[in-house]
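What follows is a set of notes on a single structure, which appears directly below.
To find a chain, count down the sequence lines: A is the first, B the second, and so on, and within it residues start at 1.
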2 protein chains.
Amino acid sequence: MLQPITCNNYTIHFNEELYTRLNKHIDSHFYSKIFVLVDENTHEHCLPYFLSNVQTNLEIEIIEIEAGEEHKNIETCSGVWNVLSELGADRKSLMINLGGGVVTDLGGFVASTFMRGIDFINVPTTLLAMVDASVGGKTGVDLGSLKNQIGVINVPVFVFVDTKFLNTLPSEQVRSGFAEMLKHGLIHDEKYWDKLLKTSGETNELDNLIHESIVIKNKVVMEDPKESGLRKTLNYGHTLGHAIESYFLQEPSKPTLLHGEAIAIGMILATFLSHELHSFPVNKLKTITEVFIQKYGKVQFEPTDYERIIELLKFDKKNAFGDINFVLLEDIGKTIIDVKVDNDLIIKSFEYYKNH
Amino acid sequence: MLQPITCNNYTIHFNEELYTRLNKHIDSHFYSKIFVLVDENTHEHCLPYFLSNVQTNLEIEIIEIEAGEEHKNIETCSGVWNVLSELGADRKSLMINLGGGVVTDLGGFVASTFMRGIDFINVPTTLLAMVDASVGGKTGVDLGSLKNQIGVINVPVFVFVDTKFLNTLPSEQVRSGFAEMLKHGLIHDEKYWDKLLKTSGETNELDNLIHESIVIKNKVVMEDPKESGLRKTLNYGHTLGHAIESYFLQEPSKPTLLHGEAIAIGMILATFLSHELHSFPVNKLKTITEVFIQKYGKVQFEPTDYERIIELLKFDKKNAFGDINFVLLEDIGKTIIDVKVDNDLIIKSFEYYKNH
C-alpha cells in the first residue's frame, strides 16, 4: 500500500485507502452541499467511477468547464463562481476538483476566493497533476498568454491520488507528466533518475515511482515554504520551457506542446547551459539529451523563434526586476539557483538542441 | 499625535507621521516599481497631494478605475491585472490603493492575486474605508448584486490614514462612514456611543473619534481572528443593511443608498428585533431610532419590497446553510450572535421603521 504523504497542512492519500478517507471526511464535516468540478473529459471518463465510490446523503452538483489550458482563465472562473452562487453554494460548501492541472489549479483558485475561501479537495486525474500540482498549494489561472499570472497560495483539505485514473489518459498525457518525474530525479536524486530510465512502465512499479516523485517534491516544498531558495530548483527546465510553451500556444504556425513536452526541451537547454557555465559532466549531458529527444521527439526552431521566446521570458513572474533567473545543475541532484544567463548563450543552447 | 495601531501583521499610521514611514518603507524594500490605484475622484482630489509627499527615485505608474460600487467586480480586476502586466509589474512591485472601500477592497484583491500576491499599502480616503476597511484583512469584489462574494483574506503591509483626505469628500460620504462609527459604539462601548452623539464635528475631535473607532474594530478582530464569535458582532445592522443596499442597487425605481445609509436602516431594524427578542431597553431603542432617522433621513418601503429583501438575505455569504443569522443587542455594548429571526418578525421590524 502507498503510504499517505503529510504535506504542509494537508495529506495526500492514495488508491484503495482514499475513498474511505473521503467518505469519513464528508461524514464528519457538516458540509451543506458538494460541488464537483470537471471538464468534459473527466466528466465522461472519471466522474462515474469517482461518484460510485462516494457515499453521502448530501446533494452533489456537477460543474463542467471546457477542457484545455486555453480555458484556464478568469472568464472560466467567473462562470464557475456564478454557477456556484446560482446553485446555492455557501461557506460550508465543499468543492472537489476532479481533473488535470487546469481543473485543480482553476478549481483551487475559485474555491479559495469564493466567499473568501471554502474547503476544497483535489483529485488529480493526470500524471502531471498527480506529481506536480498535488504539492505546493499553488492555485491560479493564466492572464492572456502568461501562465498562472493570477492566483493565490492556499492548500486543499486533501489531495486524493487514484492512479486508476491514468488508464483514462492518452499515452502522450502520461508521457507529459513523466517529464516532471524526470525533473525530480535530475534536481534531487540520481538513483531515482536511474530508476526512471529503467522502468518498464508496469502499474505497480509506476505507482511506486509516482509516490516517490511526490515525496521528493514535498520534501523540497516543506524545506522552503517561502520559495526563497531550494524550492526554486523545481523550476528546472521551466524558465525556457514555460516560454516555449507560451510561444507555441500563441503562434499559429507552431504545434501546441503539452507542458511536459515543453519542459523536456527546457531541460535539455538548461542542462546544456549547466555544462557551459558550471561544468555539468558532458557524458551525462549526452545521456539526458538523448533520453528526452527519444521520449519526446524533436521540435523545429527557427532563429526568429529564439528572439521571441527570449522576449517572453521577461514576463515570467519569477523574473523579478526583469532579470532572467535560471536553475542549473553542477551534477544530477546538485542544483544552483539564481543564475543569470545572457541571451547569446541562450541562443547557443537552442543551437545545441537543433544540431543534436 | 494619533498613535499607530498594531493590527494582525501590519500597522496603521496616521497623519503627520505617515509619509515619513511610507518613504522609509519604500526606501528600504528594494521594490522594482510602484503602482498607485485610484478612481477618477481620488485621481483628481487626492493623488496630487499624496504624490507631493512621496519621495522616491522609483518609477510610479498610476492606474485609474471607474468610481462606484457598480465597478467593484471581476471585469475591473481583469482590467487592472492586464494593465499591471503591460506596465511590467513583477513580484517585487508595490501597489498603493488610494481611495475609498471600492479601491482598497478591489486593489487589495488584485494585489493579493497578481503573481500569487505582491505587497500592497492601503490609503483609505473616505471615512468608511478609514474606520471599516482598514482593519480585518478582507479584500474582494462583488459578483452581480452579491457584495464581496469573491475575495481573499490578506493583509496590506501598512494602512495609512490621513484624515486630511476627508476634506475632499462630499458631506454625505462622511455621514455614511459615521454610521460604522456609531455601530462600533453600539456593539462595544456606550461611552463611545455617547461621545459620538455629542461631537461637534470639529477636526481634532473627529480625528480622535476615528482613531478610537479603529481601535475598537481592531480589538474585536484581534480577539477573534477566525471569525467564529465576537467578530460577528461587527455585522450589527449589516444582515438587513446589506440586503437593503443590494436591493436598492438592482431596483431601478429605488434611489442608490450609500453603505452607511443602508446600515443605518439595518441598525434601526436590528435594534427593534433586539427589543422584541432580547428585551433591549425601549428608551434606548427610541433614542437610536431618532438619532439614525435624524442623521440619515427616512427611506420609503412597500410591503413587496420586504419580501424581496428577505429573499436576498439567503445569498448573504455569512448565512451558511441558508439560515439567517442576526447579531442583536441586550443593551448597548452587549451583543448576542447567531440569532435566528423568522420572516414575520423581520416584516414587523420594517413596519416599525415605516411607522416611526
Side-chain angles (χ1 to χ4, degrees), chain A residues 30-33 58 73-93 105 108-118 136-154 226-227 314-323 325, chain B residues 30-33 58 73-93 105 108-118 136-154 226-227 314-323 325:
Chain A
F30 305 101
Y31 289 114
S32 56
K33 221 176 195 181
L58 288 176
N73 55 35
I74 280 292
E75 290 68 42
T76 306
C77 294
S78 286
V80 181
W81 284 320
N82 277 308
V83 172
L84 282 171
S85 192
E86 282 156 21
L87 295 176
D90 61 27
R91 286 184 167 183
K92 288 295 291 173
S93 296
D105 283 7
F109 180 65
V110 165
S112 301
T113 51
F114 187 75
M115 294 186 172
R116 299 202 188 92
I118 60 172
K138 292 187 174 176
T139 75
V141 295
D142 304 338
L143 184 70
S145 65
L146 303 172
K147 284 177 67 79
N148 301 318
Q149 199 79 352
I150 307 304
V152 293
I153 299 290
N154 190 29
K226 290 196 170 169
E227 209 157 346
K314 280 201 317 205
F315 285 103
D316 191 299
K317 66 189 170 313
K318 294 190 177 85
N319 298 316
F321 286 94
D323 275 338
N325 285 309
Chain B
F30 305 101
Y31 289 113
S32 55
K33 222 176 194 181
L58 289 176
N73 55 36
I74 280 291
E75 289 68 43
T76 306
C77 293
S78 286
V80 181
W81 284 319
N82 276 308
V83 171
L84 281 171
S85 192
E86 282 157 21
L87 294 176
D90 61 27
R91 287 184 165 180
K92 289 295 292 174
S93 295
D105 283 7
F109 179 64
V110 165
S112 301
T113 52
F114 187 74
M115 295 187 172
R116 300 204 186 91
I118 60 173
K138 291 186 176 178
T139 75
V141 296
D142 304 338
L143 184 70
S145 65
L146 303 172
K147 281 174 69 80
N148 301 318
Q149 199 79 351
I150 307 304
V152 292
I153 299 290
N154 190 30
K226 290 195 170 171
E227 207 157 347
K314 280 202 316 202
F315 285 104
D316 191 298
K317 68 188 167 311
K318 295 192 176 82
N319 297 316
F321 288 92
D323 274 340
N325 286 308

### Message
If the condition is side chain to side chain contact (heavy atoms under 4.5 Å, CB included), which residues does B:Asn154 pass it with, not counting sequence neighbours?
### Response
B:Ser112, B:Phe120, B:Val152
### Message
Which residues pass the side chain to side chain donor-acceptor pair (under 3.5 Å) test with B:Ser78, not counting sequence neighbours?
### Response
none
### Query
In Å, rounded to the nearest 0.5 Å, how long is the span from CZ of A:Arg116 to NZ of B:Lys138?
5.0 Å
### Summary
Separation between CG (A:Leu146) and CE (B:Met115), nearest 0.5 Å, reads 7.5 Å
### Task
Sort A:Asn73 into side chain, backbone, both or neither according to what part of it lies under 4.5 angstrom from a heavy atom of chain B.
neither
## Note on the structure
When rounded to the nearest 0.5 Å, the distance separating CD1 of B:Ile150 from SG of A:Cys77 is 9.0 Å
### Query
Considering only heavy atoms, which portion of B:Ser93 lies under 4.5 Å from any heavy atom of chain A: side chain, backbone, both, or neither?
neither
### Query
At what distance, to the nearest 0.5 angstrom, does OG1 of A:Thr113 lie from CD1 of B:Ile74?
7.0 Å
